[in-house]
There are 2 protein chains.
Amino acid sequence: MTTPATRTIPAADETARPTLAAVAARAGVSASTASLAFSGAGPVADDTRERVLAAARELNYGGPDPRARSLRTGRSGIIAVVMEDRIRDAFRDPMVVAMLDGIADELGQAGYSLLLLTDSDDRPVGGLRDASMDAALLLGCSTDLDPAVAVLSQRQVPLIGVEAREREGMHRVELDNREGMRTGAEHLHALGHRRVGVITLPMDRAHTRGPFTREWEAASDAYTGLERLAGVREVYPDAPAEVAAGSLIDEGHRAALALLRRHPELTAIVAQSDLLALGAIQAADELGLTVPDDLSVLGFDGARIDGLSIHRLTTLVQPIVEKGRAAARMALAALAGEPVADVFFTSELRLGTTTAAPRS
Amino acid sequence: MTTPATRTIPAADETARPTLAAVAARAGVSASTASLAFSGAGPVADDTRERVLAAARELNYGGPDPRARSLRTGRSGIIAVVMEDRIRDAFRDPMVVAMLDGIADELGQAGYSLLLLTDSDDRPVGGLRDASMDAALLLGCSTDLDPAVAVLSQRQVPLIGVEAREREGMHRVELDNREGMRTGAEHLHALGHRRVGVITLPMDRAHTRGPFTREWEAASDAYTGLERLAGVREVYPDAPAEVAAGSLIDEGHRAALALLRRHPELTAIVAQSDLLALGAIQAADELGLTVPDDLSVLGFDGARIDGLSIHRLTTLVQPIVEKGRAAARMALAALAGEPVADVFFTSELRLGTTTAAPRS
DNA sequence: CTCGGGTATCGAATCGATTCGACTCGCTAC
DNA sequence: GTAGCGAGTCGAATCGATTCGATACCCGAG
């Protein structure tokens, strides 16, 4: 050994995790060479590489420590997906799952992995602020989490917002929520409906239920829900709205009951998601209303929900998986230093059996 | 400034990301003090902290870089969940989602975040090997991914296997799959059933469908599926089995049709998951068989699947969310250096309306 | 008046790799 | 005969923080 005796030599210490330096020493090469042998970047003689790998095997070395590599290279290979809801709630929504699917697929192919973050009351530790990530995808996040996002922005982490309010330095994936809903509302109007109610997605972080008053509307910063509502209001400016606590069948059920109790004159309900629409149909059944003759129901999403209903929902189909893919690709492009253009998707009205002309 | 002019001073360079050192310099304190000011560990005078934070604001510094912190402290705050399936498939399974829910809840409270990894053909980069994580939870992983897991083991990353084959240095969360299924089979036997078939979970990584032959069985290293099958075989040693390509309703449907075509004499079907059982019921309906009189169907999981069927499934209820929580807690305990004991959960037979004595 | 003890701060070592520039060979081409 | 080149290797700087031990200071107790 040429190492001076003054240095601490962890030589035969079996408990400590071996380092690249230890492997290099054992193989009789420098750390730089050993690094090259592992990464494959740069020229290394075949038998040198062999010796290094052999030494690694002998020392039970499992390859370079990702932490150190990440510090040096500035890349962690991790892309975060930030959601507002608790994971439990998020996974209940088939739209979220479908989108994650698109994201994961695209990221996986590029060799990135996916960190799931929920924007939970900004904990002192463990949140957005101190997870290392190369980029972040924000799924429908309101402005509430601005401070945390600002930190990422400061760190020059590329930010992709999916159906999120516009924001300095953030790329966006958008959907024509407003236009889609207007198209849907026009469809109802053409059928002859004049009294139409809306069941909306949550309008605040607390997932409060109830009638969507003008004051509440003024205070709300929910993005997607407001856009979809605005679309309906372009056709039915005074349509009453009931806010659900989540995109869930039960919530649609509850909201529909509330809405129909307060507004028995309604002949159609526009639900801001397919799950909500399904709940509304259930509620109609219970009230003895026939869908679509007594009550038309319109959804949004184009979720393929098999067997949950005898109806084929009239709904606005959005390319949800593609949306996920697009978001992921934008992150990858930003990381590659390529220019990134915002992406806009459009939804399409799919006619089903849940809308028809109002009776009489 | 007291900094010698020979050092490169990134002073007014607005493009480079500011470092803690830069902030410290600007605040007129040492890097150590600045670090303390941010982390809160150690005594710092109030006005010193103020000055540091002010300097950070001025320099647009977003807090310590997680990468560096992670290298130094040896902790990344990330716990990985490794699944075999593609995310798309995994999320379709309500059991996986429920378990992730328990995991996420427990980890979130402890300030950890959740890295989703799928064991995809061991890509050169982006897989298990080079994501930094403090611990890994392996959800029902077969031995196929041993090499990758071995690396983690070498790195002394705590490993928790949920329904995974036993493995050196891995903690386990187990379920009484075999005993549960035996109990279910005994229930059928007590009702008088003598000809019983099984629909199994996937038995290989390729998700191959088809009759589960003895050769295949010998070659398979699926863990949960084999255990559950073994439980049934303790009562019905010769029960024919049909392998499904996933825990999905459609797969249960397909498998049941195949099974009943080959074995019309069957009076009961044991499905290895509730979704498969639901599919089997659908298939029975189509074949004009009445459940439970013509065909009894037994599930496993105790998934709460509302509205998908008019039947209440007879099934083995497992504490799935608790399983997730337990796994997460084990990881946290291991990280805290506490002793970790394996955890065993038990399932319980819940009688529904899908099993009865065979006709005649 | 001095000593003990707590508070605030700093310097320097350290975490474990990657990477750039320099250096040494052996060979070819002019 | 030597300039030029490419392959292979090494040394040293660097990434950006945390943390340990030392130091300086102030205050109260003895």
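Separating the CG atom of A/Leu71 from the C1' atom of C/dT14 is a distance of 12 Å, rounded to the nearest angstrom. Summarising the geometry, the separation between CG on B/Leu20 and P on D/dC15 is reported as 14 Å, rounded to the nearest angstrom. Rounding to whole angstrom units, CG of residue B/Asp130 and C1' of C/dT18 are separated by 15 Å. For the pair B/Phe38 CZ and D/dT18 P, the computed distance is 9 Å after rounding to whole Å. Residue A/Arg155 contributes atom CZ, which lies 12 Å from atom P of D/dG16 at whole-angstrom precision. Across the protein-nucleic acid pair, A/Arg129 atom CZ and D/dA17 atom C1' stand 18 Å apart, rounded to whole Å.
B/Arg67 has no side-chain polar atom (N or O) that falls below the 4.0 Å cut-off from OP1 or OP2 of C/dA17. The phosphate of C/dT14 has neither OP1 nor OP2 within less than 4.0 Å of any side-chain N or O from B/Arg72.
Using modelled atom types, one side-chain atom of A/Arg67 and one backbone atom of B/Gly74 make a donor-acceptor pair closer than 3.5 Å. Judged by distance alone, with hydrogens and angles left aside, the side-chain atoms of A/Thr73 form a donor-acceptor pair with the main-chain N or O of A/Arg69 at under 3.5 Å.
Judged as a side chain to side chain contact (heavy atoms under 4.5 Å, CB included), and not counting sequence neighbours, the contacts of A/Ser32 are A/Ser30. Annotation: side-chain hydrogen bond (donor to acceptor under 3.5 Å, both in side chains) contacts of B/Asp101 (sequence neighbours excluded): A/Arg88. Remark: A/Arg49 engages A/Ala37, A/Val44, A/Asp46, A/Leu53 in a side chain to side chain contact (heavy atoms under 4.5 Å, CB included) (not counting sequence neighbours). Not counting sequence neighbours, the partners of B/Phe38 by the ring-ring contact (aromatic ring centres under 6.0 Å, His included) test are B/Tyr61. Partners of A/Ser76 by side-chain hydrogen bond (donor to acceptor under 3.5 Å, both in side chains), not counting sequence neighbours, listed by chain and number: A/Asp134. Among residues two or more places apart in sequence or in another chain, the side chain to side chain contact (heavy atoms under 4.5 Å, CB included) test is passed with A/Ala31 by none. Residues satisfying the side chain to side chain contact (heavy atoms under 4.5 Å, CB included) criterion with A/Ala45, sequence neighbours excluded, are A/Asp47, A/Thr48.
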Protein within reach of the bases, or only the backbone? For nucleotides 21-27 of chain D, mark each nucleotide 5' to 3' as B, S or -, using heavy atoms under 4.0 Å. -------
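Residue B/Tyr61 is in sugar-phosphate contact alone, with no base atom involved, counting any heavy-atom pair closer than 4.0 Å across all strands shown.
Residue pairs meeting the salt bridge (Lys or Arg N to Asp or Glu O under 4.0 Å) criterion with at least one partner in residues 28-41 of chain A, sequence neighbours excluded, are absent.
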Within the sub-3.5 Å range, which N or O atoms of nucleotides 4-12 of chain C have a protein N or O partner, and how far apart are they?
{"from": "C/dT9", "atom 1": "OP1", "to": "B/Thr48", "atom 2": "OG1", "distance (Å)": "2.3"}
{"from": "C/dT9", "atom 1": "OP2", "to": "B/Ala45", "atom 2": "N", "distance (Å)": "2.9"}
{"from": "C/dT9", "atom 1": "OP2", "to": "B/Thr48", "atom 2": "OG1", "distance (Å)": "3.3"}
{"from": "C/dC10", "atom 1": "OP2", "to": "B/Ser30", "atom 2": "N", "distance (Å)": "2.8"}
{"from": "C/dC10", "atom 1": "OP2", "to": "B/Ser30", "atom 2": "OG", "distance (Å)": "3.4"}
{"from": "C/dC10", "atom 1": "OP2", "to": "B/Thr33", "atom 2": "OG1", "distance (Å)": "2.7"}
{"from": "C/dG11", "atom 1": "N7", "to": "B/Ser32", "atom 2": "OG", "distance (Å)": "3.0"}
{"from": "C/dG11", "atom 1": "O6", "to": "B/Ser32", "atom 2": "OG", "distance (Å)": "3.2"}

For residues 323-344 of chain B, which side-chain donor-acceptor pairs fall under 3.5 Å, sequence neighbours excluded?
{"from": "B/Lys323", "atom 1": "NZ", "to": "B/Glu163", "atom 2": "OE2", "distance (Å)": "2.3"}
{"from": "B/Lys323", "atom 1": "NZ", "to": "B/Gln318", "atom 2": "OE1", "distance (Å)": "2.8"}
{"from": "B/Arg325", "atom 1": "NE", "to": "B/Glu106", "atom 2": "OE1", "distance (Å)": "2.9"}
{"from": "B/Arg325", "atom 1": "NH2", "to": "B/Asp105", "atom 2": "OD2", "distance (Å)": "2.3"}
{"from": "B/Arg329", "atom 1": "NH1", "to": "B/Glu106", "atom 2": "OE2", "distance (Å)": "3.4"}
{"from": "B/Asp342", "atom 1": "OD1", "to": "B/Arg172", "atom 2": "N", "distance (Å)": "3.2"}

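Direction change of the helix axis from one end of the helix from C/dC1-D/dG30 to C/dC30-D/dG1 to the other is 50°, with five pairs defining each end axis (rounded to 10°).
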